[in-house]
Amino acid sequence: MNLIIAAIIGIAAIVLLIAVAKVHPFISLMVGSFVMAVCAGVPFDESWNSFTSGVGSTVSSVGLLIGFGSIVGTLLFASGGADVIVDTIMSKTPLQMLPWAMALIAFIVGIPMFFEVGVVILIPVVLFAARRAKMPVILLGIPALAGLSTLHAFVPPHPGPLVAISALGANLGVTLGLGLLVAVPTVIISGPLMGRVMAKWVPIQAPEQEAAKEAVKDESKRPSFGQAMTVILLPVVLMLAASVVDLTGQAESLWGRVLVFLGTPLTALFITAVVAMFLLGFLQGRTREFINGEVGKSFASVAGIVFIVAAGGGFKQTLVDSGIGDVIANGISESALNPLIAGWLVAVLIRLATGSATVATVTASGIMVPLATGMSPTHLALLVLAIGAGSVFFSHLNDAGFWLVKEYFGMTVSQTLKTWSLMETVLSVVGLGCVMLLSLVL
């Protein structure tokens with residue numbers, strides 16, 4: 001009980017500092033982590049250990065991805081490539097169908113791509129499209145985020161579903177097929193349909209991006225649609241190839257190891273950034289000084305995002321190390337609930353406590369192993385999906401994704417809760433509903 005109270009006090013401190021005292025989120029997250037650690041019984045002189053560990057691991061993973069993604073996004077804007085992509089999409093898509101087009105693009109791209117990579121690659125384009133179409137950014141942003149988040153939760157080869165499949169002994173092919181079946185209605189409801197409602201609640205316009213202001217206006221000097229899309233799709237292709245190698249059991253062969261290496265998110269985005277420098281820079285007649293200057297601008301534009309996301313990761317690690325997830329989840333798993341609902345609830349509580357969808361999936365699947373004994377292959381796959389649905393429930397202050405979305409969209413904490421957090425909650429509940437319906441007929 002003391003651990004639960006400590007977590008509540010820590011989260012309350014962050015909320016009060018940001019919403020009432022108007023303290024910067026980075027400072028607020030640091031203070032909240034310190035308060036929670038001390039309340040949980042950690043000696044004050046050791047209270048930063050978990051926080052700094054979480055900051056380091058977040059910067060080394062998400063932070064680097066944001067950096068390379070920002071290079072790609074900045075060069076897309078500065079070269080006029082983003083204009084070309086948006087002009088082409090808008091010329092072939094009626095305005096009222098743009099939210100659906102964004103959801104479809106995110107759904108396809110999200111199959112092999114990690115959520116954070118999808119955000120840093122797609123969201124700048126979504127923001128630009130919203131400005132060009134003069135639409136509320138939420139109307140296009142929520143469908144894109146729903147597509148990325150749904151695939152992250154339900155469909156292998158994302159890390160959470162793969163670990164759950166392994167832990168529970170589920171069939172990968174069955175889980176993949178049922179995951180896509182669940183994902184389609186989940187994206188539709190939590191994306192374009194909810195986005196229309198949320199855009200009325202938070203009718204903000206997309207923030208102006210510095211690179212967009214300096215974009216090439218002369219169409220003859222812009223890259224082609226093919227060149228711009230190559231930069232967008234290259235990390236998708238690289239990660240998809242690595243996923244295929246993993247799924248076909250060829251990861252130990254020489255070519256398999258090469259493809260897996262090229263398809264890791266960090267390598268894929270590094271390669272994409274270099275390719276962007278050539279396709280969108282040198283081939284368009286740009287000088288080395290210009291390209292280096294744009295790279296420098298890209299780092300400056302996301303420095304604040306990286307620090308806030310890193311602090312969110314530090315707070316998450318403090319919660320994880322406190323053991324609160326294990327305390328809560330073990331109590332639920334011992335109850336007499338339906339295994340699918342129990343798995344969802346365990347994942348929900350760990351998600352709320354730690355802020356990490358992957359941690360929630362991995363931990364919940366391990367806890368649910370005893371309850372999975374004797375289940376059919378179909379219901380084992382559904383248990384994986386139920387856990388995946390619970391793992392994305394109500395993203396809030398301890399989730400790095402919360403701060404990533406907040407800063408990209410230029411929203412306040414309150415606006416982010418009313419849009420991104422609510423979308424994640426709807427996604428989680430709709431996903432569970434689809435799983436329960438399938439359990440009645442399979």
[X] side chain near [Y] side chain, heavy-atom distance below 4.5 Å:
| X | Y | answer |
| --- | --- | --- |
| Phe68 | Thr272 | no |
| Leu397 | Phe315 | no |
| Val405 | Leu145 | yes |
| Leu193 | Val197 | no |
| Pro161 | Phe154 | no |
| Trp420 | Gln415 | no |
| Met198 | Lys418 | no |
| Leu340 | Ser439 | yes |

task = Establish, for the pair Arg131 and Phe128, whether the NZ or CZ atom is under 6.0 angstrom from the six-membered ring centre and no further than 45 degrees off its axis.
result =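 Verdict for Phe128: no cation-pi partner in Arg131.
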Kindly say whether [Y] contributes a backbone atom to a donor-acceptor pair with the side chain of [X] at under 3.5 angstrom?
| X | Y | result |
| --- | --- | --- |
| Gln284 | Leu279 | yes |
| His396 | Leu352 | yes |
| Thr74 | Ile71 | no |
| Thr88 | Val84 | yes |
| Thr378 | Leu442 | no |

Is it true that, when you exclude [X] itself, more than 12 heavy atoms of the residues, nucleotides or ligands shown sit nearer than 6.0 Å to its [atom1]?
| X | atom1 | answer |
| --- | --- | --- |
| Phe394 | CZ | yes |
| Phe290 | CZ | yes |
| Phe225 | CZ | yes |
| Arg132 | CZ | yes |

What salt bridge (Lys or Arg N to Asp or Glu O under 4.0 Å) pairs are there with at least one residue in [range], not counting sequence neighbours?
| range | answer |
| --- | --- |
| residues 385-396 | none |
| residues 372-386 | none |
| residues 423-438 | Arg351-Glu424 |

Nearest 0.5 angstrom please: [X] [atom1] to [Y] [atom2], how far?
| X | Y | atom1 | atom2 | answer |
| --- | --- | --- | --- | --- |
| Ser33 | Ile14 | OG | CD1 | 5.5 Å |
| Thr150 | Leu427 | OG1 | CG | 3.5 Å |
| Leu380 | Met368 | CG | CE | 10.5 Å |
| Ser376 | His379 | OG | NE2 | 5.5 Å |
| Thr416 | Leu422 | OG1 | CG | 12.0 Å |
| Glu294 | Ser70 | CD | OG | 10.5 Å |

ask   = Residues in ring-ring contact (aromatic ring centres under 6.0 Å, His included) with Phe278, at least two apart?
value =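 Counting only residues at least two positions away or on another chain, Phe278 forms a ring-ring contact (aromatic ring centres under 6.0 Å, His included) with Phe282.
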request  = List for me each residue that meets ring-ring contact (aromatic ring centres under 6.0 Å, His included) alongside Phe402, sequence neighbours excluded, and say none if there are none.
outcome  =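 Phe402 satisfies ring-ring contact (aromatic ring centres under 6.0 Å, His included) with no residue once adjacent residues are dropped.
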Side-chain polar contacts of residues 228-236 - donor-acceptor pairs under 3.5 angstrom, sequence neighbours left out - could you list them?
unit_1 : atom_1 : unit_2 : atom_2 : d
Thr230 : OG1    : Gly226 : O      : 2.7

Can you list, pair by pair, the side-chain donor-acceptor contacts under 3.5 Å of residues 93-110, counting residues two or more places apart and other chains?
unit_1 : atom_1 : unit_2 : atom_2 : d
Thr93  : OG1    : Ile89  : O      : 2.9

I'd like a table of donor-acceptor pairs (distance under 3.5 Å, sequence neighbours excluded) in which one partner is a side-chain atom from residues 166-189, with atom names and distances.
unit_1 : atom_1 : unit_2 : atom_2 : d
Asn171 : OD1    : Gly173 : N      : 3.0
Asn171 : OD1    : Val174 : N      : 2.8
Thr175 : OG1    : Asn171 : O      : 2.7
Thr186 : OG1    : Val182 : O      : 2.7

task = Would you sort out whether Leu29 and Asn398 count as a side-chain contact (heavy atoms from CB on, under 4.5 Å), showing the intermediate values?
result = CA-CA 8 Å; Leu29 285 163; Asn398 63 347; over 6 Å; no
task = Verify the distance criterion only: is there a donor paired with an acceptor across the side chains of Ser149 and His152 at less than 3.5 Å?
result =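 Checked: Ser149/His152 side chains show no N/O donor-acceptor pair below 3.5 Å.
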inquiry  = Quiz question: by atom type and distance under 3.5 Å, do the side chains of Thr267 and Thr264 form a donor-acceptor pair?
reply    =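 Result is yes, a qualifying pair exists.
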inquiry  = Apply side-chain contact (heavy atoms from CB on, under 4.5 Å) to residues Trp255 and Val245 and explain how you reach the verdict.
reply    = CA-CA 9 Å; Trp255 281 107; Val245 169; over 6 Å; no
Can you see which heavy atom on [X] is nearest to which on [Y], and at what distance?
| X | Y | result |
| --- | --- | --- |
| Thr318 | Ala37 | CG2-CB, 4.0 Å |
| Val59 | Ala310 | CG2-CB, 3.5 Å |
| Gly263 | Ala242 | CA-CB, 3.7 Å |
| Ala364 | Ile350 | N-CD1, 3.9 Å |
| Leu238 | Ala268 | CD1-CA, 3.9 Å |
| Leu76 | Ser79 | O-OG, 3.3 Å |

Taking only residues two or more places apart in sequence or in another chain, which ones pass side chain to side chain donor-acceptor pair (under 3.5 Å) with [X]?
| X | result |
| --- | --- |
| Ser57 | none |
| Ser428 | Trp344 |
| Thr287 | none |

Can you give the donor-acceptor pairs under 3.5 Å from side chains of residues 384-393 to other protein atoms, not counting sequence neighbours?
unit_1 : atom_1 : unit_2 : atom_2 : d
Ser391 : OG     : Thr361 : OG1    : 3.3
Ser391 : OG     : Gly388 : O      : 2.6

request  = Assess whether side-chain contact (heavy atoms from CB on, under 4.5 Å) is satisfied between Phe409 and Ile123, documenting all intermediate values.
outcome  = CA-CA 9 Å; Phe409 282 60; Ile123 295 308; 3.5 Å; yes
task = Determine, step by step, whether Gln317 and Phe51 satisfy the side-chain contact (heavy atoms from CB on, under 4.5 Å) criterion, reporting the C-alpha distance in whole Å, the side-chain angles of both residues, the deciding distance to 0.1 Å, and the verdict.
result = CA-CA 6 Å; Gln317 193 61 45; Phe51 180 83; over 6 Å; no
